[in-house]
Amino acid sequence: MKHLLLKIEPLIWLLFGQGILLGTILLTGWILVVNLGVPLGLISDDGLAFQRAHELGSSLVGRLVLAALCALPLWKGAHHMRHVSIDSGGAGRDAVVAPLLYGVAALGSLLAIAAVIRL
Amino acid sequence: MAETLVKKFVVTRFDPDKDEAPRTESYEVPCHPDWKVLDALNHIKDEIDGSLAHRWSCRMSVCGSCGMNVNGQPTLTCKKAVSDLPDTVEVTPLANFPVVRDLVVELDGFMEKLKSVKPWIIRAKEKAVEEGPMRQSQAELEEFKQFSMCINCMLCYAACPVVANEPEFLGPAAIALGHRYSVDSRDEGAAERNEIFRGEGTVFACSYANECSEVCPKHVDPAAAVNQAKFNAVIDWAAGLVLPRGGKE
Amino acid sequence: MRAAIAAVEADPDISVALVSKVYPMRSHTVSAEGGAAGVAREDDSLEMHGFDTVKGSDFLGDQDVIQYFVEHAPKELTRLEHWGCPWSRNEDGSVATRAFGGMSTKRTWYAADKVGFHMLHSLFQHSLRFDRIVRYDEQFVTKLIVDGGQVRGVTALDIREGVVRCILGRAVVLCTGGAGKIFPFTTNGNIKTGDGMALAYRSGVPLKDMEFVQYHPTGLPGTGILITEATRGEGGHVKNKDGERFLVTRDYGVGKKAELGPRDMISRAIVQEIEAGRGIDSQYGQYALLDLTHLGEEKIDSRLPMVRELCKIYAGVDPVYEPIPIRPVVHYMMGGVDVDIDGKANGVSGLFAAGETACVSLNGANRLGSNSLTECLVFGARSGLSAVNFAKGASAGDDAALAKVGEAEQGRIDALRGKQGGGETLAGIRGDMQKAMESGCGVYREEATMQQTVRDIAELEGRYANLSLEDSSKVFNTEIVAALELENMLDCARAVSNSAASRNESRGAHTRRDATARDDVNFLYHTLCHFDPAGPRLDKKDVTLGRWEPEERKY
Amino acid sequence: MADAHPHAMAPTRPGKTRTAPPQRPPQFPMGGRYLAYTAFGWTGLIYLLLGFLVIEAVWALGDGAAAWQEQLLRYEHPVYIAFHVLALASVVFVGVRFFRLFPKAQPPRIGPAKPPPQSLIHGTLYAVWVGATVVFGAILAGGLF
Ligand SMILES: Cc1cc2nc3c(=O)[nH]c(=O)nc-3n(C[C@H](O)[C@H](O)[C@H](O)COP(=O)(O)OP(=O)(O)OC[C@H]3O[C@@H](n4cnc5c(N)ncnc54)[C@H](O)[C@@H]3O)c2cc1C
Ligand code: SF4
Ligand code: F3S
Ligand code: FES
């Protein structure tokens, strides 16, 4: 397990890095509009009407963007939580924590892919 | 003679011959306004308590011996002026290191880590002296110059949260010094070191706290080095996937 | 360190113990700022470097040594380049050189103004690749084990554990640095206590030319931190309180070289200016000024960044805008363990020495700036090789008998630990020694004060016997190290003061008010100082001349 | 004061004298500059949740108009609002901190290619961030396409 983890560490780190980079860039707009602007009534909800949203989302670009928006933050989150765990004296339990967190992120990524395929 | 500042120095003492655990002792020290913390410690040793143990030599911030935690911050004691500090000054040994005695910490662990990153020029074929010096442009020099400024003072180790919790972690200075050679245009050992950097407890253990660079007295910016090394290790890894280096692995 | 690498490279079967009382990268070479000399430019030649060195030495350097030195200097510096030393570069990518005091052209290799630091770390990191260099860090050598006129190893106090170990070997190379700490005001770090000199001296090797102590003209008042000569090499001006460039306007023997004159002359000039009332007052005594403001921020930051940093931190002055306060400061010991061109010590076989602790007679009466770092490389390598050659032919000693020496040393040190004595303190004796040395062996010397210093130091040795110590711990007892260092320093101080008192002329760094001329008829010789329980015994040794005959030293 | 890992910086063969255990940096984890670092780490939790929330939304979008409408309604719940305010703050915090630190992590050269100067990377990053947010936001809000 440890060995495998070491082998894929560069990959995880790439995903994590993109999670911060792309994830942050995309999430800012998403939260502003979808999670705050529209629900608070600051922005009209026409843009998010099902028809339009589905059309945009199911285009190729749309699917890719949505997949990135779902999956990348998971890797950022998992990796950071692993660091938090180690920083709070958890080097010893890392052998359990790390696979668990990355497992969650991997599962989530699969779900994300499934979700965009279903569109 | 300018007026003196009397400051209280609370100093960690620990003598494994006698003490179970570290304790503190306070000294009132009449400080000259120009003094550095080190001058005050030397005053304590010379005039008040000869049994205090601390390391120092150059008193011009270049030998790297005198690193300690001063009021919680990793500091070169020969560089920090007493006049910049509050009336009570707390001097403790560097954090994250086992303490040998008083203010003296264990450095052998670092020496092993340093050696493990191969901090020397690796070349497929050594150049003969007769061929003269290698050429290197000022720009190529700039690429690693900063990272070669490390005085091994260990302040970065005392600040890094990962060092505190991950005993395998090579730590900022060792990685910076390995990386320094990898980006030296005269070196050909980057691949070898990338391999090392992908091992356990190396670059990926760093969580980019950036504390190392905040405390570094020589502006080495070890955080930059560690994270550049990450990049290089990843690129090298990806390249290895695309075009496997035959035979070598 | 250079010696150790040379040795392991020369012979794949040997191993080398690298013993140091600090971690090797803390050695004081780390402080050297300005550069290392070696011929590199087209318009330069080995002859010119040789002649500059001979002249700088005031004709007291051995010319065969100088010949060898200038030939090997560029090679050694190139080797260091191959090992990764980050030398500063010219436009075309070749190694850059700068001007230095007493050198007739730009031949000093540099890495900004942290040359010693980069050289030391390059060497140290390079040495890590050899498993056969076994490091003994923070082990303080207390004695050379000499048996039947041959050195068999050393006894070393493990500072960490408080025990004495015998480190046996067939040859020993001493590279323990200088002894600037016998003076109160010095550029030298705390570890430069002349240990190697004292070790060899007590084993029967004479110390050579100890009277020549170099004063560096530009140290920060108060701390003694060095402002490198490269400041002058890059075009800095030395001024008095009226802003006058007295090296140009008055005749101090430096001629057209002005600020680029050799160190002894400029130091004397500054002292004379101060004595003439043209110094500036401060709580640390009077000082002169070093003005870099005309160089501009850009040049200072690229060539002299450390100078700027040091001035800001330790003098509260930014050299870009203000002149730097400076005064002459003890810097370098020209003298040291008497060795020949192979680094072989005079009188004890198997013992070698190199670096500042040795005196191969390269520097004579005055070292030229930037020659000594190169000296460490050139003669470090040569003595390493000599040691290997010697060790191959040497017989092994009788281990059991030698272990006895270790036990005796352990006894001596245990007795010293936490010693209840006659109330003399380390700081007290050290302070008095430093004061005595400054008054008798300063930039200018006189018969009466020198004799006084000789007596003072002898008396201090008596007081040392009454030393009281407070730290009784075995673990990292720095007090005991300081006590042993003090003992060594007293030995060196005695050698310096006695040698100085015997030389009734002015030559190089040894300048007397009561004998202002150089006297080649009576004093063109090396002073040897032998250890004798009754007090130092002086002797003479011929200077090897050659191509260049002594002439008046005028620039 | 908590101890660091008992083996932090210990050599493989410890010296013969007894050492006192290493202490961790005295201000860690909540004091001084560490506070920002610790907070930075904990944003990981928020990103994890955000990731799953977006998945939920996309899933709903796949389920059809009713599910999507329901999803949008749910976002009006005060708990969601509160969480998303926090999330926005974290995202901005992560962006500011990370984009400040990111450029110096660029190796001085990748093969023959040299990266642009740091100030340029800095500027570009922040510009791209703001620009992308505006464009992406506009798309979502119906102002574009
Ligand atoms: C501030 C400054 C600037 C200088 N600038 C220049 C310059 O620009 N150019 C130039 O050419 N020269 C310069 N010099 C001179 C030059 O740096 C020194 O002459 C040279 O570094 C001496 O090197 P070394 O190897 O002989 O000694 P060091 O570097 O002092 O090494 C001595 C070693 O011996 C060890 N040691 C000593 N005693 C013991 C003991 N008892 N037991 C065990 N180990 C022991 C020490 O731990 C240390 O590792 C400068 C010197 C100073 C102080
Ligand atoms: S990187 Fe900086 S803080 Fe760390 S050891 Fe080197 S000089 Fe000290
Ligand atoms: S503080 Fe530590 S976590 Fe990384 S950036 Fe520096 S090594
Ligand atoms: S004493 Fe050398 S760095 Fe402080």
Side-chain angles (χ1 to χ4, degrees), chain B residues 1-2 15-18 34 36 45-47 49-65 79 81 100-102 104 107-108 111 114-115 118-121 123 126-127 129-138 140-141 144-145 148-152 177 181 184 186-187, chain C residues 22-23 25-28 30-31 40 75 77-79 81-84 86-95 112 114 117-118 121-122 125-126 128-129 135 137 160 189-192 222-223 225-226 283 306 309-310 313-314 316 418 425-427 469-479:
Chain B
M1 196 71 185
D15 178 353
D17 273 0
K18 303 192 191 93
D34 285 354
K36 310 292 178 202
K45 182 158 180 73
D46 285 348
E47 310 290 337
D49 185 348
S51 66
L52 178 68
H54 62 286
R55 291 189 180 109
W56 67 286
S57 172
C58 69
R59 46 101 189 83
M60 55 189 274
S61 30
V62 66
C63 74
S65 342
K79 189 174 173 187
V100 173
R101 163 121 195 241
D102 295 352
V104 176
L107 288 182
D108 287 347
M111 298 301 264
L114 178 60
K115 183 166 181 173
K118 306 199 175 173
W120 50 79
I121 295 271
R123 289 182 69 86
E126 298 253 347
K127 245 176 112 120
V129 172
E130 287 67 38
E131 293 171 61
M134 296 182 237
R135 301 243 148 186
Q136 182 169 58
S137 68
Q138 194 70 31
E140 284 167 330
L141 175 68
F144 70 89
K145 180 90 200 192
S148 70
M149 298 293 213
C150 171
I151 60 173
N152 303 356
L177 286 168
Y181 282 96
D184 188 328
R186 298 166 292 184
D187 177 83
Chain C
V22 294
Y23 281 88
M25 69 277 185
R26 314 278 190 231
S27 301
H28 202 63
V30 83
S31 299
K75 294 186 192 148
L77 292 170
T78 301
R79 188 165 282 133
E81 197 273 346
H82 291 178
W83 290 346
W87 298 118
S88 293
R89 302 287 171 162
N90 291 322
E91 295 280 327
D92 65 353
S94 61
V95 175
K114 297 182 128 191
F117 164 80
H118 284 303
H121 280 250
S122 303
Q125 287 161 11
H126 188 78
L128 288 175
R129 78 192 296 169
R135 283 200 336 271
D137 298 332
R160 164 84 177 265
N190 186 38
I191 59 172
K192 300 199 71 168
T223 52
I225 288 173
L226 175 81
Q283 50 179 321
M306 175 145 112
E309 194 188 316
L310 289 173
I313 300 175
Y314 296 100
T425 64
L426 276 175
L469 297 178
E470 294 173 48
D471 190 349
S472 56
S473 172
K474 282 191 104 150
V475 180
F476 221 94
N477 187 330
T478 47
E479 197 184 26

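Below, chain A is the first sequence line, B the second, and so on; all start at residue 1.
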(request) Could you tell me whether the side chain of B:D102 reaches within less than 4.5 Å of the side chain of C:F476, counting heavy atoms only? (result) no
(message) Heavy-atom cut-off 4.5 Å, strictly under: side chain, backbone, both or neither for B:R101 against chain C?
(response) side chain
(request) Can you tell which part of B:P16 gets under 4.5 Å to a heavy atom of chain C, answering side chain, backbone, both or neither? (result) side chain
(request) Check whether B:R55 gets within reach of chain C through its side chain, its backbone, both or neither, counting any heavy atom under 4.5 Å. (result) side chain
(request) Would you mind reporting whether C:E81 and B:M134 have side-chain heavy atoms less than 4.5 Å apart? (result) yes
(message) Taking the basic N atoms (NZ, or NE/NH1/NH2) and the acidic carboxylate oxygens, is any pair closer than 4.0 Å for C:D471 and B:K45?
(response) no
(request) Between chain C and each of B:M111, B:Q138, B:K79, count heavy-atom pairs under 4.5 Å; write down the option with the most. (result) B:M111
(request) Report yes if some heavy atom in the side chain of C:R129 is under 4.5 Å from a heavy atom in the side chain of B:K118; otherwise report no. (result) no
(message) Could you measure the distance from the OG atom of B:S57 to the CG atom of C:N190? Nearest 0.5 Å is fine.
(response) 6.0 Å
(message) Any heavy-atom pair between the side chains of B:V104 and C:R160 that's under 4.5 Å?
(response) no
(message) Please classify the contact between B:I151 and chain C as side chain, backbone, both or neither, with a heavy-atom cut-off of under 4.5 Å.
(response) both
(message) Quick test of your reading of the model: are B:E140 and C:R89 salt-bridged, counting only N-O distances below 4.0 Å?
(response) no
(request) Using non-hydrogen atoms and a 4.5 Å limit, figure out which bit of B:E131 sits close to chain C: side chain, backbone, both or neither. (result) neither
(message) Can you tell me which portion of B:N152 sits under 4.5 Å from chain C's heavy atoms? Options are side chain, backbone, both or neither.
(response) both
(message) Quiz question: by atom type and distance under 3.5 Å, do the side chains of B:S65 and C:Y23 form a donor-acceptor pair?
(response) no
